[in-house]
Amino acid sequence: MSVSDDIQVSGQTEPQHEEHIRKDVLEDNDAAGEPKARVESWHPEGEATESAVAQHSGAVSEDAVIEAIAKVHDPEIPVNIYELGLIYAIDLYDDGRVHVDMTLTAPNCPSAQELPAQVKEEVERVPGVTSADVDVVWDPPWDMSRMSDEARLALNMF
């Protein structure tokens, strides 16, 4: 293969690559070009909502996502972050994306960098999840009332 062949091959593959990128971008949008609707959301208050725009395909199990998140432990506290009440919202999308809103016990938490990364890694291991993103939020601020009874029992905080 000569240098001119390399240039020609490169020139031929570039438009295909651009089409692939455009297709990926468009797949995140509905037919009208709007972002795809959230399929299902979970909030710690027990609210589970399902979008009227798109029905949940069943590809990603909410229980499996929660189970994955529960594998993450704060290194200073012998309780998983789900039971500690650090997870504020889990949004499941029909294309396999998962969005998690979480907080930390304090803004100066020494694990501020590693806990969200661990949540992302664990959620992305769940069958059916195509990608996950985790946002750390501070409103409402975390307090001990968000802990589950199991966490209170484990920490002897009754």
How far does [atom1] of [X] sit from [atom2] of [Y], to the nearest 0.5 angstrom?
X: R146; Y: M144; atom1: CZ; atom2: CE; answer: 13.5 Å
X: T103; Y: D135; atom1: OG1; atom2: CG; answer: 11.5 Å
X: L86; Y: T105; atom1: CG; atom2: OG1; answer: 6.5 Å

Less than 4.5 Å apart, any side-chain heavy atom of [X] and any of [Y]?
X: P141; Y: D139; value: yes
X: M102; Y: W142; value: no
X: S148; Y: Y82; value: no
X: P78; Y: L155; value: yes

Any idea which heavy atoms bring [X] and [Y] closest together, and the distance?
X: V60; Y: G128; result: CG2-O, 3.2 Å
X: A154; Y: V79; result: CB-CG2, 3.9 Å
X: N80; Y: E83; result: OD1-N, 2.8 Å

Examine distances only and state if a side-chain atom of [X] and a backbone atom of [Y] form a donor-acceptor pair shorter than 3.5 Å.
X: S131; Y: R97; result: no
X: T130; Y: D95; result: yes
X: Y88; Y: P140; result: yes

Between D63 and S61, does any side-chain donor sit less than 3.5 Å from a side-chain acceptor?
-> no

Matching residue for K120 among V134, V98, L115 - test: side chain to side chain contact (heavy atoms under 4.5 Å, CB included) = V134

How far apart are the C-alpha atoms of E62 and L92, what are their side-chain angles, what is the distance that settles it, and do they pass the side-chain contact (heavy atoms from CB on, under 4.5 Å) test?
-> CA-CA 8 Å; E62 178 183 304; L92 305 176; 3.9 Å; yes

Which pairs of donor and acceptor atoms, one on a side chain in residues 65-77, lie under 3.5 Å apart (sequence neighbours left out)?
unit_1 : atom_1 : unit_2 : atom_2 : d
H73    : ND1    : K71    : O      : 3.3
D74    : OD1    : E76    : N      : 2.9

Applying salt bridge (Lys or Arg N to Asp or Glu O under 4.0 Å), name anything that partners R152, two or more places apart in sequence or on another chain.
-> none

